[in-house]
Number of protein chains: 2
Amino acid sequence: MSSEEHPAPPAAPGKKARLSREIVLSTALTLVDAEGLDALTMRRLGQELGRDPMSLYRYAANRAALLDGVSELVLNELAIIPDDPDWQSQLRRIAHDLRLLALRHPNVVPLLVTRPLSTPLGLRPLGTLRPLEQILSLLIDAGFAPVDALHVYRAYYGYLYGHILNELQEFVVDPEENEALLRLGLHRLPPKEFPRLRALAPVLADYDGMAELDEGITILLSGLAARLPLPEAPAKP
Amino acid sequence: MSSEEHPAPPAAPGKKARLSREIVLSTALTLVDAEGLDALTMRRLGQELGRDPMSLYRYAANRAALLDGVSELVLNELAIIPDDPDWQSQLRRIAHDLRLLALRHPNVVPLLVTRPLSTPLGLRPLGTLRPLEQILSLLIDAGFAPVDALHVYRAYYGYLYGHILNELQEFVVDPEENEALLRLGLHRLPPKEFPRLRALAPVLADYDGMAELDEGITILLSGLAARLPLPEAPAKP
DNA sequence: GCAACTTCTCTACAATGTAGACTGTAGGCG
DNA sequence: CGCCTACAGTCTACATTGTAGAGAAGTTGC
């Protein structure tokens, strides 16, 4: 699928241009971003595009495939360019990028996390696997043995995804009303059973996700580095 | 369908006894375990219980609430008993327990991960929050300041969830056919674009999730311990 | 036996994903 | 130019879903 030839309708995709997979998917994404996953029905998306819902099936085999497409589209926003020779700072940067990506598309995160659970590795959208490949590559280039690279990747990506989920779970709404809502919610918890949680309400409210991610990454990476045989600086004078 | 008359409420989840929330939820759980989340429709669950689908609404306000109930039920299987005074080994044990729990109910994991994303903290099922409270308690008892306890919790639980997701994503099917399927899947990847991943196929096949989890936990916990002011051994002679 | 409940059932409806047949349009070939 | 084929988009139809609302059946206290 070397679909790259037509940069045709960049200016005004207005109303009646021919549909294309990219148009469909990006409209789907903006819909999801704006109104959540449930709003993404075939009918609704069709309406958004001014087309019959059935026309979508030319561009995605079914709803699940459409969701996969959206995940892929989002992950494509993540650029992994090996400009920095230091694998640690490289991974750190990617982590922050992915975090910001998730914050930009919070409604897509369930997809990113959930879809792979029901799709074997080899059958996933390629865009989904590209970060994995690139990070492996990055680590191997940095001097890790392939097996160890996989090792590092798993610990790193595991923590990263976990952190993102955690952070989004505490977020839920925009930070302005966050504190109020949070307190309101916590208020309902039985004090006898949840003293610690309730006491932490004010602290919960100002959660610096970026700082915590950074610290976790630091711990993990240095821990991994200390534990794995890495030929010091790579041969790149 | 023999309509056995079991007046025993606790022993056997009989056939014609009065319904109860526990019966409904546990039947839902076994259904999900056996056939996946999609199989859990109101009609199907009703049929499984020999009751009209509508009767379920006495025990769960709607389908979402039912899913929450199932999450809660699963998380209740996780026992957090502070028998060990060492917080690190405590957390390590819990991590392994949760991992096994997830492997026992893989189809429920999407729920565990996804539902909190759309439910503010205070409105979640209590059973879902109990681990959080108990772990905080455990850490505070071990000498951490509440803020630091939260800190540790986040890094710990983040990594833990991430790892579980990772592991389940690579699993997908039972380990017997895993290797075959995996290779088959990877085979489809364009070699030019995914050389590293394809080369790692054999290694991917024997993934020791338990060992990797343990190592990650070790790194994280010792890193956290080194970084936070902890009054050594707690005052417990 | 009656009355106030709770529990369970029946019927009905709107929304969803999607199959299958159809219409329109664009281009190639005589 | 007229016809044929391929493909983009549409229309109709249907099975399946969650759930509202009214009622039936069963249980309990007097």
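These numbers come from the heavy atoms of this one structure, side chains and all, not from hydrogens, waters or symmetry mates. In what follows, chains are A, B, ... by sequence order, proteins preceding strands, each numbered from 1.
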One should read off an interatomic distance between A/Asp52 CG and A/Arg43 CZ, to the nearest 0.5 angstrom, of 9.5 Å
In whole angstroms, the gap separating C1' of D/dT19 from CZ of B/Arg44 amounts to 20 Å
Rounded to whole Å, CZ of B/Arg58 lies from C1' of D/dG21 at a distance of 11 Å
For nucleotides 25-27 of chain C, print each protein N/O atom paired with a nucleotide N/O atom at under 3.5 Å, atom names and distance only.
none

When rounded to the nearest 0.5 Å, the distance separating CG of B/Leu129 from CD of B/Glu72 is 9.0 Å
B/Asp52 CG to D/dA25 P, in whole Å, measures 14 Å
Given the options A/Leu168, A/Ile164, A/Val32, A/Pro106 meets side-chain contact (heavy atoms from CB on, under 4.5 Å) only with A/Leu168
Practice task
Check for a donor-acceptor pair, side chain of B/His163 on one end and backbone N or O of B/Gly209 on the other, with a separation under 3.5 Å.
Solution key: yes
Verify, without hydrogens or angle tests, whether A/Arg63 (side chain) and A/Leu40 (backbone) share a donor-acceptor contact under 3.5 angstrom.
-> yes
The residue among A/Leu49, A/Leu31, A/Asp38 that forms side-chain contact (heavy atoms from CB on, under 4.5 Å) with A/Arg44 is A/Leu31
Rounding to 0.5 Å, atoms CG (A/Leu100) and NE2 (A/His96) come to a distance of 8.5 Å
Taken to the nearest whole Å, CG/B/Leu19 to C1'/D/dT27 is 16 Å
With B for base contact, S for sugar-phosphate-only contact and - for none (protein heavy atoms under 4.0 Å), nucleotides 12-20 of chain C reads B---BBBBB
From CZ of B/Arg21 across to P of C/dT6 the rounded distance in Å is 18 Å
Taken to the nearest whole Å, CG/A/Leu45 to C1'/D/dG9 is 14 Å
Whole-Å distance, A/Ile23 CD1 to D/dG9 C1', equals 14 Å
B/Arg130/A/Glu193 ion pair, N-O < 4.0 Å
yes
- Message: Evaluate B/Tyr59 against B/Leu66 for side chain to side chain contact (heavy atoms under 4.5 Å, CB included), listing each step before the verdict.
- Response: CA-CA 8 Å; B/Tyr59 304 99; B/Leu66 203 154; over 6 Å; no
Separation of C/dT7 atom C1' from B/Arg51 atom CZ, nearest Å, is 9 Å
